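For clarity, every value in this text was computed on a predicted model and none was experimentally measured. Here is the naming used below: chain letters follow the sequence lines, and residue numbers restart at 1 for every chain.
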Number of protein chains: 2
Amino acid sequence: MFSQTEENYLKCIYLQLEKNAQSLVTTSVISEQMKTTAASVTDMLKRLSGKKLIHYKKYQGVLLTKSGRIKALSIVRKHRLWEYFLVEKLKFQWDEIHAVAEQLEHVASELLIDKLDVFLGRPKFDPHGDPIPDHHGKLSLHRLKNLSLLKPREKGKVAAVVEQDPDFLKHLERLQIQIETPIKVLDKAEFDRSMTISINGSGTVNISYDIAKNILIGK
Amino acid sequence: MFSQTEENYLKCIYLQLEKNAQSLVTTSVISEQMKTTAASVTDMLKRLSGKKLIHYKKYQGVLLTKSGRIKALSIVRKHRLWEYFLVEKLKFQWDEIHAVAEQLEHVASELLIDKLDVFLGRPKFDPHGDPIPDHHGKLSLHRLKNLSLLKPREKGKVAAVVEQDPDFLKHLERLQIQIETPIKVLDKAEFDRSMTISINGSGTVNISYDIAKNILIGK
DNA sequence: AAAAATATTTAGATTAGTCTAAAAATAAGT
DNA sequence: ACTTATTTTTAGACTAATCTAAATATTTTT
């Protein structure tokens, strides 16, 4: 049985490793993500290490142990299932749900999360397109391309977003970009790496490189 | 913004006052309900008093302030709405839900609880028959009689249960007694105050005084 | 009225989690 | 190689919440 704070740290480390599986996660990255001081992070890393949830090397960074990873996947599963519930059933907007799911994910009940999974029809992806681990911690992966790497005339559907900042998600909504939206690259400007894209086969819009790099495209 | 522990204490005090509005709530009653020591209770009561949530007199007991009562009603509302959700939507048994709702009730989001209320069809009572306060803290009351006080040939429907101990609720299930079940008193034994009742107009069963006193009957 | 029992509070200790400031380690620049 | 900058850790302090043991207040019994 772990505290909410411990669970949050494990989830944070897991998400960092999901982004970049090659490197250890550093104290300063965790400090930034958890919005706390470096000293607090060091304290907590020592504690998690003592509980055999992470491999921790001073000054070098951390990785999850097998049991740490299992625990982290469990939290991520809960987080994403609750996000699905909030959007599909309670009609939340996709930019409103993160903070609420951050609280719901700590409810300690296997039965609850299993029944919620069934109730929702065993969804494989959350409203941002991220994979929902199943009961055994397995997740569906789809091969996605970063929109910023697509060439003119290439196309596909929006499958996920990298960044989940509410302002960013609101901006996508204004552009009428959401999960499953068909996208085609029309042109790319080399001077600022912005791109012109068509949305839903009709609307044409220019988006910055910063926007494009946070959108993942699938078939 | 209050801690989960503070919210739990407020709820506990509120529920005691709901049972017996005439008297101050004592340290030992709270200690028993919260499963903690009398010293811990005294510490917390001092803290809640400092935050103007309770009126606290040493050695005499506590009452809720206006803002303490508002906060307590908010927690009770959340608890009971989540219990409704767990039974109606996720098909939990009514004896399985208390512990889960005890966690869900601390999710701090007004929007969440309002959307959940709408999603559930604005229920007035939880699965145990307890009234769910509305957005303004108002609750529907029905005049109920304790089953143990009914006389032979009096009848009505099960409207609520006083005790929510899971073993007790399971026992009622085995007797096929649940909310809305029609009950008629056939006989009362004076030596042990047990009573013979008919359930659903057909089944006849003898129940102890201890069972009867925990069932509330409405029209 | 006094003694005994019970309830409650106080004092001091503990753990979890946070912080600041200083010290130590590492990385970057010259 | 040395200096400077940055990152990280350590030490000690803080708050919240819990406890035990002892002291205090109240209630009950004699």
Side-chain angles (χ1 to χ4, degrees), chain A residues 1-13 16-17 19-20 22-64 68 71-72 75 102-103 105-108, chain B residues 1-13 16-17 19-20 22-64 68 71-72 75 102-103 105-108:
Chain A
M1 186 46 179
F2 303 108
S3 69
Q4 287 196 13
T5 306
E6 289 169 338
E7 293 187 343
N8 284 335
Y9 272 79
L10 290 175
K11 188 182 79 180
C12 173
I13 295 165
Q16 289 307 314
L17 290 170
K19 278 181 184 175
N20 186 349
Q22 269 87 33
S23 43
L24 299 175
V25 185
T26 66
T27 296
S28 54
V29 163
I30 297 172
S31 162
E32 187 186 315
Q33 291 296 311
M34 299 297 299
K35 294 178 170 40
T36 190
T37 66
S40 280
V41 174
T42 300
D43 291 340
M44 179 54 74
L45 295 183
K46 280 171 163 174
R47 188 172 312 159
L48 294 175
S49 180
K51 293 189 174 183
K52 313 295 184 192
L53 294 167
I54 61 172
H55 297 298
Y56 171 55
K57 297 171 182 171
K58 289 166 92 172
Y59 294 102
Q60 295 178 54
V62 310
L63 290 174
L64 290 172
K71 184 62 191 176
I75 306 301
E102 288 263 279
Q103 300 183 66
E105 73 192 17
H106 296 295
V107 174
Chain B
M1 185 49 179
F2 303 107
S3 70
Q4 288 195 12
T5 306
E6 288 169 338
E7 293 187 344
N8 283 335
Y9 272 78
L10 290 175
K11 189 182 77 180
C12 174
I13 295 166
Q16 290 306 314
L17 290 170
K19 279 181 181 176
N20 186 349
Q22 269 85 33
S23 44
L24 299 176
V25 186
T26 65
T27 295
S28 54
V29 163
I30 296 170
S31 162
E32 185 185 316
Q33 292 296 311
M34 300 296 299
K35 292 177 171 41
T36 190
T37 66
S40 280
V41 174
T42 298
D43 290 341
M44 179 54 74
L45 294 183
K46 281 172 162 172
R47 187 170 315 158
L48 293 174
S49 179
K51 294 188 173 184
K52 314 293 185 198
L53 294 167
I54 60 171
H55 297 296
Y56 171 54
K57 295 172 184 169
K58 289 167 92 170
Y59 293 103
Q60 294 178 54
V62 311
L63 290 175
L64 291 172
K71 184 61 192 176
I75 307 299
E102 288 263 280
Q103 300 183 66
E105 75 192 16
H106 296 296
V107 174

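- Regarding contacts with the backbone of dA16(D), every side-chain N or O of Ser3(B) stays at 4.0 angstrom or more from both OP1 and OP2.
- As a whole-Å value, the separation of Met44(A) CE from dT8(D) P is 17 Å.
- If you check every strand for non-hydrogen atoms under 4.0 Å, Ser40(B) touches a base.
- For dT10(D), the OP1/OP2 oxygens have a side-chain nitrogen or oxygen of Lys58(A) closer than 4.0 Å.
- Heavy-atom minimum distance, Ile54(A) versus Leu45(A): CD1-O, 3.4 Å.
- Within the 4.0 Å cut-off from OP1 or OP2 of dC19(D), at least one side-chain nitrogen or oxygen of Thr37(B) is found.
- Nucleic acid contact for Phe2(A): none, since no nucleic acid atom lies under 4.0 Å from a heavy atom of the residue.
- Among the nucleotides dT18(C), dT9(C), dT9(D), the one closest to the side chain of Tyr9(A) is dT18(C).
- Using a 4.5 Å heavy-atom threshold, the side chains of Ile75(B) and Leu10(B) count as separate.
- Dense packing is recorded around NZ of Lys51(A), with more than 12 heavy atoms of other residues, nucleotides or ligands lying under 6.0 Å away.
- For the pair Asp43(A) CG and dC19(C) C1', the interatomic distance rounds to 9 Å; values are reported in whole Å.
- Phosphate contact (OP1/OP2 of dT10(C), side-chain N/O of Thr42(B), threshold under 4.0 Å): absent.
- Considering only side-chain N and O atoms, Thr36(B) lies under 4.0 angstrom from the phosphate OP1 or OP2 of dC19(D).
- OP1 and OP2 of dT10(D) both lie 4.0 Å or more from every side-chain N or O belonging to Tyr59(A).
- Summarising the geometry, the separation between CD on Glu7(B) and P on dA16(D) is reported as 15 Å, rounded to the nearest angstrom.
- Nucleotide dT18(D) forms a pair with dA13(C), judged by Watson-Crick or G-U wobble geometry with both contacts under 3.5 Å.
- Taking atom CD on Gln4(B) and atom P on dA16(C), their separation rounds to 17 Å, with Å as the unit.
- Atom OH of Tyr56(B) and atom P of dA7(C) are 16 Å apart (whole Å).
- Residue Lys46(A) places at least one side-chain N or O under 4.0 Å from the OP1 or OP2 atom of dT10(D).
- Contacts of Thr5(A) with the nucleic acid, taken as non-hydrogen atoms under 4.0 Å apart, involve only primed sugar atoms and P, OP1 or OP2.
- Going from atom NZ of Lys35(A) over to atom C1' of dT18(C) covers 17 Å, rounded to whole Å.
- Per the geometry, CG belonging to Leu45(B) stands 10 Å off P belonging to dT8(C), to the nearest Å.
- Distance Lys51(B) NZ to dT15(D) P: 13 Å, rounded to the nearest Å.
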Check against salt bridge (Lys or Arg N to Asp or Glu O under 4.0 Å), Glu105(A) and Lys11(A): CA-CA 10 Å; Glu105(A) 73 192 17; Lys11(A) 188 182 79 180; 2.9 Å; yes

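- The residues Glu6(A) and Lys71(A) are annotated as not salt-bridged, no charged nitrogen and carboxylate oxygen being separated by less than 4.0 angstrom.
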